[in-house]
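Values below: every heavy atom of this structure, side chains too, minus hydrogens, waters and symmetry copies. Just so you know, ligand 1 is whichever comes first in the structure, and atom 1 is the first atom listed for that ligand. Residues take their numbers from the sequence shown, with the count starting at 1.
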Amino acid sequence: MSKITPQPGIMEIALYESGASTVAGKSEVLKLSSNENPFGAGDAARDAYLRAGHDLHRYPSTDHANLRKAIAEVHGLDADRIICGAGSDEVLQFAAQCFAGPGDEVIYTEHGFSMYPILARAVGATPVEVKETDRTVDVDAILRACTKKTRIVFIANPANPTGTMIPDAEVARLADNLPDGVLLVHDGAYTEFVEGSDGGAALVEAKKNVLMTRTFSKIYGLGGLRIGWGYGPKELIDVMQRVRQPFNLSETQLRVAEAAVRDTAYTEKCRLDNARLREWLRSALVEIGVECDPSHANFVLARFADADEADACDAHLKEAGIIVRRVAGYKLPNCLRITVGDESGCRRVLHAIAQFKGVR
Ligand SMILES: *Cc1c(COP(=O)(O)O)cnc(C)c1O
């Protein structure tokens, strides 16, 4: 009889559910379920991808020096304190693996990103869920939830799937008041959509207990390639580098990400297009009677009367070949998360929802 048993916590993990990408019987689907950039990657990134094809036989760089240098130059950071991963998910995983374990508690918030409790359980720690206030991270509630066992607090800012954000001063107040030895992970997957935001970089510089994470999956349109990075105090980055596999990123990933981060004109264009279409979509939804908080990211959270209405609208959208994200798993059963598409995508989803509401 086999005695092979999984480590504590692992069997309690509910498998991550990703945004659907197909509807049975439909060929022309509009996918608005995974917060992808509707325009794809920029030309510089695409060119770098094609060129990388000539060197597929070469092992990649292990220290990611060129990519870290590019990120540091573009964002005004110290390259020695950047760590790169296969998506920011891997960087979040390094943090969980290095700084939490059995008997420890890891805090995340009520509607927080579903990877946080998964990562906590994967290292045998206990995920602790903290209430939000009006779908927004509540700093005081987090501080009250801290115990002697707390090791990590994960927040996404802007948050997914709510799209809400807390001001820099609130993040700073959280970092300032966490008990000694607790790491604040500031997940900036949507930072680039916020004009002028540094994603928490200034706080990382000022404090010893803050790690920020960023991704190439959202505004850069590279979700399929899996690249993310983290920035933190040197001592913490040095710890995390020990668990990172030397070849965790391919040369293709590294070169495409480098081209993408340097192509600031494309990033800026995408930010402006997103902001314009997001506001158009949000106010149009409100006008037809669908509530929607102001969003700081590349999606909106549409709120319906109840779970039944959200389900029925989702079914109607599927029938129209449009895939949005059900977020009942995020304790938002009456909501649908809708990625901001290109202009025709936004018009198409609005039209279908208006039809559902009987407005036109
Ligand atoms: C999309 C997303 C990520 C990034 O995922 P990658 O692994 O970088 O693709 C991280 N955090 C949040 C909140 C996200 O929505």
Side-chain angles (χ1 to χ4, degrees), residues 16-19 21 31-38 40-41 45 64 67 71 82-97 106-120 122 127 132 135-137 152-166 171 184-194 197 199-200 211-231 240 244 248-250 253-254 256-257 260-261 270 274 278 295-301 324-325 327 329-332 335 337-340:
Y16 181 86
E17 278 180 48
S18 64
S21 54
K31 187 185 177 202
L32 300 175
S33 56
S34 296
N35 300 342
E36 294 152 344
N37 183 331
H64 308 156
L67 176 56
I71 292 170
I82 294 171
I83 183 168
C84 304
S88 51
D89 282 356
E90 192 183 26
V91 181
L92 298 169
Q93 182 187 340
F94 296 152
Q97 192 182 348
V106 171
I107 288 179
Y108 69 105
T109 62
E110 189 179 2
H111 310 299
F113 187 41
S114 61
M115 280 305 293
Y116 307 149
I118 290 179
L119 293 169
E132 298 190 7
R135 297 168 298 283
T136 307
V137 166
I152 303 178
V153 172
F154 283 111
I155 64 166
N157 199 40
N160 171 18
T162 55
T164 59
M165 195 175 179
I166 59 171
V171 184
L184 172 62
V185 178
H186 188 265
D187 178 341
Y190 301 95
T191 292
E192 295 81 3
F193 294 104
V194 183
S197 173
L211 172 75
M212 82 175 196
T213 59
R214 303 279 286 267
T215 183
F216 284 92
S217 300
K218 305 286 158 57
I219 207 165
Y220 298 98
L222 294 170
L225 209 54
R226 316 302 306 131
I227 319 137
W229 54 281
Y231 188 64
M240 290 165 55
R244 180 179 68 78
N248 66 325
L249 291 181
S250 69
Q253 287 166 297
L254 292 165
V256 174
V261 76
C270 292
N274 176 74
R278 179 184 64 203
S295 166
H296 298 272
N298 65 340
F299 54 84
V300 296
L301 186 71
V324 299
R325 186 67 173 270
V327 283
Y330 286 91
K331 298 209 159 65
L332 295 163
C335 298
R337 190 192 70 191
I338 307 168
T339 301
V340 176

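- With a 4.0 Å heavy-atom cut-off, ligand 1 is reached by the side chain of Lys218 but not by its N, CA, C or O.
- Applying the 4.0 Å criterion to heavy atoms of Ser217 picks out, from ligand 1, the atoms 6 (P), 8 (O), 9 (O).
- In the vicinity of Gly87, heavy-atom distances shorter than 4.0 Å reach the ligand 1 atoms 6 (P), 7 (O), 8 (O).
- Residue-to-ligand polar distances place Asp187 within reach of ligand 1: an N/O pair is separated by less than 3.5 Å.
- In the vicinity of Arg226, heavy-atom distances shorter than 4.0 Å reach the ligand 1 atoms 6 (P), 7 (O), 9 (O).
- Within ligand 1, the atoms closer than 4.0 Å to a non-hydrogen atom of Asn160 are 13 (C), 14 (C), 15 (O), numbered from 1 in the order shown.
- The distance from the CG atom of Asn160 to the CG atom of Asn298 is 9.0 Å, given to the nearest 0.5 Å.
- At least one donor-acceptor pair closer than 3.5 Å links the side chain of Ser197 to the backbone N or O of Gly199.
- A heavy-atom separation below 4.0 Å is found between Tyr190 and ligand 1.
- Not a single heavy atom of Glu90 sits less than 4.0 Å from an atom of ligand 1.
- Side-chain contact, Asn35 with Tyr190: a donor N or O sits under 3.5 Å from an acceptor N or O.
- Between Phe113 and Tyr16, the two ring planes are perpendicular [angle over 60°; tilted spans 30° to 60°].
- For the atom pair Arg226 CZ and Glu90 CD, the distance stands at 9.5 Å (nearest 0.5 Å).
- Residues Ser114 and Tyr330 bring a donor and an acceptor atom of their side chains to less than 3.5 Å of each other.
- If you check each of Ala297, Ala189, Ser88, Ala86 against atom 4 (C) of ligand 1, the one with the closest non-hydrogen atom is Ser88.
- Between the side chains of His296 and Asn157, no donor-acceptor pair is found at a separation under 3.5 Å.
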